[in-house]
*Asks:* 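Handing you a structure now.
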Amino acid sequence: QSLSLDNRRLLLPRKPMMFFIALSLSLVLCLLVSQLYVRAMADYSPQQDPAIPCVEAGMDFKKGDLLEIVDQSDTLWWQAKKLPSTSACAGLIPSTNLLRRKQKEFWWSQPYQPHTCIKPYLINEKCVEAEDGEFSTNIEGIYLTGFRRSLRLCRRQCLSTGSSQQSFYTRCPGSSYSALNNPYEEVVRYQRNPQDKHRLVALMGPSGVGVNELRRRLFEINPVTFQGAVPHTTRAARSYEESGKEYHFINRELFENMVYNNRFLEYGEYKGHFYGTSLDAVKDVLNSGGICVIDIEPHAIQSVRTHELKAYIIYVKPPTAERMKETRKDAQITTNYYDNRPFKEEDFQEMEEAARKMESHYCQFFDYVMVNDGLQDSCVQLLRAVRRAQDEPQWVPANWIRPTEAF
Ligand SMILES: Nc1ncnc2c1ncn2[C@@H]1O[C@H](COP(=O)(O)OP(=O)(O)OP(=O)(O)O)[C@@H](O)[C@H]1O
């Protein structure tokens with residue numbers, strides 16, 4: 001540690017050998033100090049960074065990469081290894097403070113954009129109240145909750161209005177910005193204790209990719225273990241509906257009160273009625289020993305990434321447009337009850353484009369990525385991922401496990 005980075009900076013261009021000696025010396029010293037692991041919340045490329053002291057010594061990384069910080073003694077440049085790694089060599093990366101500053105520079109920062117990228121399907125307004133879909137919602141007498149159309153259409157309405165008139169909200173407005181203000185998220189290895197509550201499982205993907213089909217199939221496998229959260233709505237219950245089954249039917253005042261008290265993970269207004277998924281509805285499932293599996297929009301990511309829910313986020317990715325054409329021959333786009341229609345070529349292209357944008361903005365939050373190609377294989381993959389989330393060690397934000405120290 002007696003070799004300062006400034007020395008290295010001076011030596012590097014002329015004597016590369018001395019640099020490697022300096023790196024390995026500090027590596028040995030750092031191994032004696034506690035280890036720090038972070039997840040990159042942004043992309044970085046030394047080749048595009050004019051300020052790096054030595055491009056060859058720099059290490060590029062992408063959002064979502066896991067990094068082991070082996071030396072953070074310098075305020076500007078740290079040494080890190082990408083995980084998994086068998087290499088003894090570390091590379092130079094900008095420190096948190098430096099990366100924050102660089103955020104303002106055009107060469108690496110991708111400005112946050114709300115999810116206007118996801119093209120909605122047209123909603124036929126006169127059919128919006130049609131609630132019963134193509135999904136059978138009773139398995140062995142157990143009602144499968146969370147598949148009603150209004151909530152799904154409410155989300156699409158939000159997507160169609162775009163950012164300026166957003167109508168679907170979360171508990172943590174603007175929280176995606178904070179991810180960019182913290183370009184490295186400290187992570188620790190965490191394994192759920194079998195006596196503890198299950199981790200929430202949140203599925204996300206571009207509209208039409210099959211998130212609800214996969215959830216429903218998972219629930220069918222074991223409707224007692226796998227459950228959705230009962231949504232809330234301010235619309236009146238129909239004669240055949242029961243509060244707490246299809247929805248929690250509540251009045252507007254109570255809904256607004258819940259919003260005010262941050263009780264919703266996400267909520268929105270659609271055709272004069274509010275719809276939302278509450279934290280308590282998720283906790284009801286978790287407290288009863290079940291595994292709660294919900295689908296979320298990207299803006300709800302930060303609402304579920306909490307110490308309490310420890311959400312495991314599964315991204316459902318579409319296969320190529322060619323594969324979708326083959327596998328979705330009999331599939332129907334959910335537009336509304338009367339108007340479901342087969343997929344068209346342009347739907348696949350739009351889904352691919354929406355997926356590309358979703359990945360580029362949010363991939364750092366994905367714990368698991370699965371391609372929904374063949375339905376059978378996808379179900380097996382999903383089941384395994386859900387089990388792995390509950391039973392195997394995973395990297396999670398350090399502040400879920402212990403208060404974070406500034407680093
Ligand atoms: N792997 C697959 N192979 C064939 N068909 C599929 C597959 N996955 C989903 N589907 C079908 O595609 C259609 C759309 O799926 P689904 O309704 O689950 O989409 P979604 O992602 O929930 O989107 P949204 O909530 O916006 O409707 C459905 O007809 C579903 O049965």
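Atoms within a ligand are numbered from 1 in the order they appear, just like the ligands themselves. FYI, the numbering just counts along the sequence from 1. Excluded from the calculations below are hydrogen atoms, water molecules and symmetry mates; all remaining heavy atoms, backbone and side chain alike, are included.
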*Asks:* Do Phe343 and Gln332 have side chains that get closer than 4.5 Å, going by heavy atoms?
*Replies:*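 No, every pair of side-chain atoms sits at 4.5 Å or beyond.
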*Asks:* Kindly say whether the aromatic ring centers of Phe264 and Phe255 come within a distance under 6.0 Å.
*Replies:*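 Close enough - the centres of the two rings lie under 6.0 Å apart.
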*Asks:* Are Lys310 and Tyr190 in a cation-pi setup, meaning NZ or CZ lies under 6.0 angstrom from the ring centre and within 45 degrees of the ring axis?
*Replies:*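 Lys310 over Tyr190 ring: yes.
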*Asks:* Looking only at non-hydrogen atoms, which of Asn212, Asp377, Leu214, Val371 approaches atom 25 (O) of ligand 1 most closely?
*Replies:*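 Answer by nearest heavy atom: Asn212.
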*Asks:* If we set the cut-off at 4.0 Å for heavy atoms, which region of Asp330 has an atom near ligand 1: side chain, backbone, both, or neither?
*Replies:*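 Within the 4.0 Å criterion, Asp330 makes no contact with ligand 1.
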*Asks:* Show which atoms of ligand 1 fall inside a sub-4.0 Å distance from at least one heavy-atom site of Asp373.
*Replies:*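 That gives atoms 1 (N), 2 (C), 3 (N) of ligand 1.
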*Asks:* Any non-hydrogen atom of Gly208 lying under 4.0 Å from ligand 1?
*Replies:*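 So Gly208 counts as touching ligand 1.
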*Asks:* Counting heavy atoms only, which of Asn372, Asp347, Thr327, Val316 is nearest atom 8 (N) of ligand 1?
*Replies:*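 It is Asn372 that holds the nearest heavy atom.
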*Asks:* Tell me if a side-chain donor or acceptor on Gln227 pairs with a main-chain N or O of Val224 at a distance below 3.5 Å.
*Replies:*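 Confirmed, Gln227 side chain pairs with Val224 backbone.
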*Asks:* Examine distances only and state if a side-chain atom of Asp65 and a backbone atom of Ala40 form a donor-acceptor pair shorter than 3.5 Å.
*Replies:*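 Not confirmed, Asp65 side chain does not pair with Ala40 backbone.
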*Asks:* Heavy atom to atom 21 (O) of ligand 1, shortest distance: which of Ala331, Cys379, Gly210 holds it?
*Replies:*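 Nearest heavy atom to atom 21 (O) of ligand 1 lies in Gly210.
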*Asks:* Among Gln332, Lys329, Glu213, Arg216, whose heavy atom sits nearest atom 13 (C) of ligand 1?
*Replies:*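 Answer by nearest heavy atom: Gln332.
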*Asks:* Under a 3.5 Å distance rule, please check whether Asn182 uses its side chain to pair with a backbone N or O of Tyr184 as donor and acceptor.
*Replies:*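 Looks like no, no N/O pair under 3.5 Å.
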*Asks:* Taking N or O atoms only and a 3.5 Å limit, does Val211 qualify as a polar contact for ligand 1?
*Replies:*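 N/O-N/O distance below 3.5 Å exists for this pair.
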